[in-house]
Amino acid sequence: MARLYVLLFLVQIVLAVCALISCLSAEEGQIRALPRIAWVLIILFFPLVGSIAWFVAGREPDPATRRAWPAGGGSTERQPRRPLAPDDDPEFLRSVQDRSRQQDQELFRRWEEDLRRREDDLRRRDGEPPREGDRPEV
């Protein structure tokens, strides 16, 4: 029986810590009914009841985490989901790849121009006229 009390005590402490973290990290507009300091004191002095009260009545429900029943009488067909992060969006990934390809081509073009200019400078220094016919066109 003592083990059960220890387990329930630990659950109460964990719940209180989670409620405190939630309360202290909530934005000012997300706190309902009482000021933040009152919620903190309630959670500290009455850990079990205060924590449950905070999660039930103290914070504004987040619309992003609240799920509504599917429209159409409970049909189970899935709605297409938006990507959650840019690296999950195929269009964004394609645009990054295209941009990278364009930058690589531009860099390669500048390197070729620089190489041609250096070759021409070396030929002029050696007394040879620059040869345009030997170079492949890009």
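Between Leu44 and Leu20 there is a side-chain heavy-atom pair separated by less than 4.5 Å. A heavy-atom distance below 4.5 Å is found between the side chains of Leu15 and Ile52. A heavy-atom distance below 4.5 Å is not found between the side chains of Gln103 and Leu107. Proximity of Arg101 to Gln97: side-chain heavy atoms (C-beta onward) are separated by under 4.5 Å at one or more points.
For the salt bridge (Lys or Arg N to Asp or Glu O under 4.0 Å) test, no residue two or more places apart in sequence or in another chain qualifies with Asp104. For the side chain to side chain donor-acceptor pair (under 3.5 Å) test, residues two or more places apart in sequence or in another chain that qualify with Arg118 are Asp114. Listed by chain and number, the residues in a side chain to side chain donor-acceptor pair (under 3.5 Å) with Arg110 amount to none (sequence neighbours excluded).
Heavy-atom contacts from other residues, nucleotides or ligands closer than 6.0 Å to CZ of Phe9 number 12 or fewer. Atom CD of Glu106 is surrounded by more than 12 heavy atoms from other residues, nucleotides or ligands within 6.0 Å.
Screening residues 34-51 for salt bridge (Lys or Arg N to Asp or Glu O under 4.0 Å) gives Glu28-Arg36 as the qualifying pairs, with residues at least two apart or on separate chains. Residue pairs meeting the ring pair (Phe, Tyr, Trp, His ring centres under 6.0 Å) criterion with at least one member in residues 28-51, sequence neighbours excluded: Trp39-Trp54.
Pairing each heavy atom of Ala26 with each of Ile31, the nearest pair is CB-CG1, 4.1 Å. Between Val40 and Cys23, the shortest heavy-atom contact is CG2-SG, 3.8 Å.
Of the inter-residue distances, the one linking Leu8 atom CG with Arg3 atom CZ reads 14.5 Å to the nearest 0.5 angstrom. Rounding to the nearest 0.5 angstrom, the gap separating the CD atom in Glu119 from the CD atom in Glu112 is 10.5 Å.
Salt bridge status for Glu113 with Arg117: absent, with no side-chain N to carboxylate O gap under 4.0 Å.
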Could you walk me through whether Ile42 and Val49 pass the side-chain contact (heavy atoms from CB on, under 4.5 Å) test, one step at a time?
-> CA-CA 8 Å; Ile42 289 171; Val49 176; over 6 Å; no
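Leu10 belongs to a hydrophobic cluster whose other members, connected by ILVMFWY side-chain contacts under 4.5 Å either directly or through intermediates, are Val6.
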